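Here, residue 1 is the first one in the sequence, and each next residue gets the next number. From a predicted model like this one, the values you see are computed outputs, not experimental measurements.
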Amino acid sequence: MHSQILAPVVTLVAWTIIMCVWMMAIRLPALKKAGIDMSKARGGRPGILDGMIDERAQWPAHNYNHLMEQPTLFYAIALALALLGSGNGMNAWIAWAYIGLRIAHSIVQATFNKISVRFPLFVLSTVALAALTLHAGLALLHGA
């Protein structure tokens, strides 16, 4: 039997791929519109296109970068819970809440990007991540 917490892990990876495709679908036409020749472009630092292309075209890219940040902690703690045998029941539900909040955060950031909506989603997802971390710590202590 597999750990239920693995389904949210796979879902977040799938969502990240969706955001990557979304980013490319929006950004590539914006680059062309801005007159940026991809055959001559060189790599730079993250955010270098801010101010060079339409701000709205950057929002999915900013979110994709965010999905490479805090969610890496989610992956680690979810896998730890699965290995500890604590990835079912309440922890799986908390993981699903984390995923739902991160997807909502992505949609907000990539569409209308209102911080007063986005920030509470981030805070709530951080609380869910903290709860999973606490539960993993308790599972370690209980098993020791």
Side-chain angles (χ1 to χ4, degrees), residues 1-34 36 38 41-144:
M1 183 166 142
H2 74 278
S3 180
Q4 294 171 348
I5 205 164
L6 296 177
V9 169
V10 172
T11 301
L12 188 55
V13 171
W15 177 254
T16 301
I17 293 167
I18 289 168
M19 283 306 305
C20 183
V21 171
W22 187 349
M23 171 187 68
M24 288 187 288
I26 299 296
R27 196 181 234 185
L28 291 175
L31 290 169
K32 185 175 181 178
K33 183 179 176 184
I36 298 171
M38 290 294 287
R42 293 184 140 187
R45 60 181 166 31
I48 197 165
L49 293 175
D50 290 342
M52 294 177 68
I53 65 174
D54 179 53
E55 167 182 271
R56 293 179 66 91
Q58 281 292 84
W59 293 346
H62 292 163
N63 184 262
Y64 180 76
N65 287 340
H66 290 169
L67 290 170
M68 297 299 131
E69 295 169 349
Q70 189 191 71
T72 61
L73 300 175
F74 168 77
Y75 295 130
I77 207 65
L79 294 175
L81 284 163
L83 291 171
L84 289 165
S86 298
N88 296 316
M90 179 173 47
N91 286 328
W93 283 105
I94 295 169
W96 279 117
Y98 180 83
I99 300 311
L101 290 162
R102 290 307 306 206
I103 289 172
H105 179 275
S106 291
I107 292 168
V108 169
Q109 186 170 24
T111 57
F112 61 95
N113 206 10
K114 189 160 177 132
I115 294 173
S116 64
V117 176
R118 209 175 91 205
F119 186 68
L121 294 169
F122 173 76
V123 169
L124 289 172
S125 68
T126 301
V127 169
L129 182 59
L132 291 172
T133 303
L134 175 65
H135 293 170
L138 292 173
L140 280 171
L141 288 173
H142 185 262

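- Checked against side chain to side chain contact (heavy atoms under 4.5 Å, CB included), A131 has the following partners two or more places apart in sequence or in another chain: I94.
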Pairs of donor and acceptor atoms involving the side chains of residues 119-127, under 3.5 Å and at least two apart or interchain, shall be tabulated with distances.
residue, atom, partner, partner atom, Å
S125, OG, L121, O, 3.3
S125, OG, F122, O, 2.8
T126, OG1, Q70, NE2, 2.9
T126, OG1, F122, O, 2.9

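- Annotation: side chain to side chain contact (heavy atoms under 4.5 Å, CB included) contacts of W93 (sequence neighbours excluded): none.
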For residues 12-24, tabulate all N or O donor-acceptor pairs below 3.5 Å that involve a side-chain atom, not counting sequence neighbours.
residue, atom, partner, partner atom, Å
W15, NE1, S106, OG, 3.0
T16, OG1, L12, O, 2.8

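- Rounding to the nearest 0.5 Å gives a distance of 9.5 Å between CE of M68 and CG of N63.
- Residue pairs that meet the side chain to side chain donor-acceptor pair (under 3.5 Å) test with at least one member in residues 73-85, sequence neighbours left out, do not exist here.
- Closest approach of H2 and N88 over heavy atoms only: O-OD1, 4.1 Å.
- Nearest approach of A57 to I26, heavy atoms of both residues: CA-CG2, 3.5 Å.
- The ring-ring contact (aromatic ring centres under 6.0 Å, His included) check on Y64 picks up nothing, with sequence neighbours excluded.
- The distance from the NE2 atom of H105 to the NE2 atom of H66 is 6.5 Å, given to the nearest 0.5 Å.
- Side chains of P71 and R102 form a contact here, defined as non-hydrogen atoms less than 4.5 Å apart.
- Closest of all the heavy-atom pairs between A136 and L84 is O-CD1, 3.8 Å.
- Every side chain to side chain contact (heavy atoms under 4.5 Å, CB included) that A92 has, sequence neighbours left out, goes to Q4.
- Distance check: L79 CG to F74 CZ gives 8.5 Å after rounding to the nearest 0.5 Å.
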Could you give the side-chain donor-acceptor pairs of residues 48-56 under 3.5 Å, partners two or more places apart or in another chain?
residue, atom, partner, partner atom, Å
D50, OD1, Q58, NE2, 2.8
D50, OD1, H62, NE2, 2.9
D50, OD2, H62, NE2, 3.4
D54, OD2, R56, N, 3.4
R56, NH2, T111, O, 3.1

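- Separation of atoms CD1 (I5) and CG (L81) is listed at 4.5 Å; rounding is to 0.5 Å.
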